[in-house]
Amino acid sequence: MKRLLSCALLVPVLLLPAQANSAPTRWEGSPGSEVLSVEENCPISVTHEDLAFQIDQGDSYSLEAQVTARYQMENPTEEGRAVQMAFSLEESLWDFDPASVSITADGRALPFQLIWDGVSPDYQPQTFDPDQTGTLCTFILTPTQDGSDNTLTLPASGGRMWVTYDGIHSYSGEEDGSVTLGTSEKATVLVYGLNGAPDYTVSGNYTVTTEELPFRTVFQSYLEERYGTRFAGHMDSIQALKYRQLEELWESWEHNPILLAEWIENSDPSALPLQFLYTVDFPPESTVEVAVTYTTRSDGVRKGTADWQHTFTYLLSPARHWADFGTLDLTVDAGESDYPYVIDSSLPLEEQPDGSYTAHTQGLPEEDLSFTLYSAPQLSLSDRVTASLGITTYTLAFFRLLLVPLVLLLALIVFLVWRRRRRHK
């Protein structure tokens with residue numbers, strides 16, 4: 001009979017900035033340790049790892065990379081094992097696409113769960129019951145004859161409410177927590193009262209229908225409409241995360257019980273700890289190739305240089321959880337981007353004839369991996385001078401375009417002056 005073990009938090013962690021132009025984010029340790037226990041004497045070892053960064057253009061301030069980590073993992077024991085693993089990184093709901101993720105064992109695709117911000121996919125709210133029945137009010141607001149806003153006011157005295165809408169153009173909140181929504185066009189507003197039908201005031205023409213439903217039904221419908229296409233098959237993790245965010249908002253805004261959907265959507269562009277959770281079967285005395293592929297983006301900064309610098313950071317230190325670590329081969333290929341040169345790296349990368357960079361280490365490196373890409377092979381003095389003067393690569397490119405016609409114009413002026421002087425002679 002196979003044992004289910006949580007031997008480790010699968011080797012590396014890729015870190016991304018919360019915003020494209022911010023400094024690189026650095027975690028203390030791995031967020032996975034908050035979710036998975038680590039078996040102290042796990043016998044599984046990594047005999048070899050191939051780590052590859054295939055970097056494409058992306059934006060000027062953030063490059064896109066397909067990262068593939070391929071491990072040769074060995075079970076030296078006479079016992080078959082089913083080992084639960086977690087691959088950890090930082091991503092935002094805004095950018096992340098589960099379709100870019102591939103996890104295989106000996107070429108066989110493995111199912112995986114997503115865990116956002118350490119919230120288990122089966123998480124249930126602790127401060128409210130999502131299965132308790134409340135009242136859903138659907139308002140249709142119609143334009144006023146004089147063109148003024150038609151407003152819907154919800155007093156805070158009605159208790160906790162969840163509000164979504166389409167066509168609303170203005171919002172105002174009062175100190176007592178009341179909310180007013182306004183529109184000069186036709187708009188639809190859905191107000192769910194967890195404590196029953198809410199009180200309301202409408203300044204213009206409207207219709208309203210009510211329905212008694214559990215909050216879970218209403219909330220799932222909203223999540224499916226907003227996230228269902230991209231996160232199909234992983235909606236349990238999205239629901240768990242959004243339940244947690246709802247609770248945090250209601251707890252922090254004790255005197256503001258009315259929540260608009262956009263307030264929890266505002267966190268979607270921010271990077272959060274994310275884990276791919278999966279299980280690998282190891283037959284007795286076997287080696288299994290485990291591969292994880294996904295797409296991510298760089299941290300872009302332009303400070304002290306005329307052009308952007310793009311940094312990727314990859315934590316290797318979690319590999320120490322395994323019984324042993326053999327060798328590492330690293331490949332960085334940025335030839336398809338406008339930033340093909342590695343100007344700084346924590347590992348000694350060697351440039352290859354095809355323009356890629358490689359490194360080989362025996363054992364796990366002492367430092368975590370970090371490398372920076374640039375549009376030139378090195379930072380020159382002129383590059384730093386132009387940066388100090390506030391001149392960017394775009395400005396330089398503009399001046400280069402003007403240079404030829406300016407030279408021709410100058411030559412023409414010199415020729416005309418010379419010819420005129422000859423005539424006067």
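Just so you know, these numbers use all the heavy atoms, side chains as well, and skip hydrogens, waters and symmetry mates. Since we're looking at a predicted model, the values are computed, not measured.
Both cation-pi conditions hold for Arg244 and Tyr123: the charged atom is under 6.0 angstrom from the six-membered ring centre and inside a 45 degree cone around its axis.
Ring geometry for Tyr294 against Phe276 counts as perpendicular: the plane angle is over 60°, on a 0 to 90° scale with 30° as the lower cut. The aromatic rings of Phe215 and Tyr192 sit tilted, their planes meeting at an angle between 30° and 60°.
Under a 4.0 Å N-O distance rule, the pair Arg70/Asp329 does not qualify as a salt bridge. Taking a cutoff of 4.0 Å between a charged side-chain nitrogen and a carboxylate oxygen, Asp129 and Arg216 do not qualify as a salt bridge.
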Listed pairs under 3.5 Å, donor-acceptor, residues 148-162 side chains, sequence neighbours left out:
| residue | atom | partner | partner atom | Å |
| --- | --- | --- | --- | --- |
| Ser148 | OG | Thr144 | OG1 | 3.4 |
| Ser148 | OG | Asp146 | OD1 | 2.7 |
| Ser148 | OG | Asp146 | OD2 | 3.4 |
| Asn150 | OD1 | Ser203 | OG | 3.4 |
| Asn150 | OD1 | Gly204 | N | 2.8 |
| Asn150 | ND2 | Thr142 | O | 2.9 |
| Asn150 | ND2 | Asn205 | O | 2.8 |
| Thr151 | OG1 | Ser203 | OG | 3.0 |
| Thr153 | OG1 | Thr180 | OG1 | 3.0 |

Residues 258-267 side chain polar contacts: donor-acceptor under 3.5 Å, at least two apart:
| residue | atom | partner | partner atom | Å |
| --- | --- | --- | --- | --- |
| Glu262 | OE1 | Tyr165 | OH | 2.1 |
| Glu265 | OE2 | Tyr222 | OH | 2.8 |
| Asn266 | ND2 | Glu262 | O | 3.4 |
| Ser267 | OG | Gln245 | NE2 | 3.2 |
| Ser267 | OG | Ile264 | O | 2.9 |

Ring pair (Phe, Tyr, Trp, His ring centres under 6.0 Å) between Phe219 and Tyr243: does it pass, once the steps are laid out? CA-CA 9 Å; Phe219 198 54; Tyr243 273 153; 5.3 Å; yes
Audit row: Phe371, Tyr357, ring pair (Phe, Tyr, Trp, His ring centres under 6.0 Å) steps and yes/no: CA-CA 11 Å; Phe371 62 89; Tyr357 293 81; 8.9 Å; no
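Of the N and O atoms on the side chains of Gln54 and Gln66, not one donor lies less than 3.5 Å from an acceptor on the other residue. Of the N and O atoms on the side chains of Thr372 and Thr311, at least one donor lies less than 3.5 Å from an acceptor on the other residue.
More than 12 non-hydrogen atoms from other residues, nucleotides or ligands lie less than 6.0 angstrom from CD of Glu251. The neighbour count for Gln352 CD, taken as heavy atoms of other residues, nucleotides or ligands under 6.0 Å away, is above 12.
Counting only heavy atoms from C-beta outward, the side chains of Asp368 and Thr313 never approach each other to under 4.5 Å. Counting heavy atoms from C-beta on, the side chains of Asp236 and Asp122 never come closer than 4.5 Å. For the pair Phe312 and Ser370, the minimum side-chain heavy-atom distance is 4.5 Å or more. Leu141 places none of its side-chain heavy atoms less than 4.5 Å from the side chain of Lys186. Taking the side chain as every heavy atom from C-beta outward, Val342 and Asp344 never approach each other to under 4.5 Å. Side-chain contact between Thr327 and Thr361: absent, with no pair of heavy atoms (C-beta onward) separated by less than 4.5 Å. With a 4.5 Å cut-off on side-chain heavy atoms, Lys242 and Tyr227 count as touching. Considering only heavy atoms from C-beta on, Leu330 comes within 4.5 Å of Phe53 through its side chain.
No close placement of the Tyr71 and Trp322 rings is indicated, their centers lying 6.0 Å or farther apart. Centroid-to-centroid, the aromatic rings of Trp250 and Phe128 come within less than 6.0 Å.
We find the CG-CD distance between Leu347 and Glu366 to be 11.0 Å, quoted to the nearest 0.5 Å. The OG1 atom of Thr47 sits 9.0 Å away from the CG atom of Asp324 when rounded to the nearest 0.5 Å.
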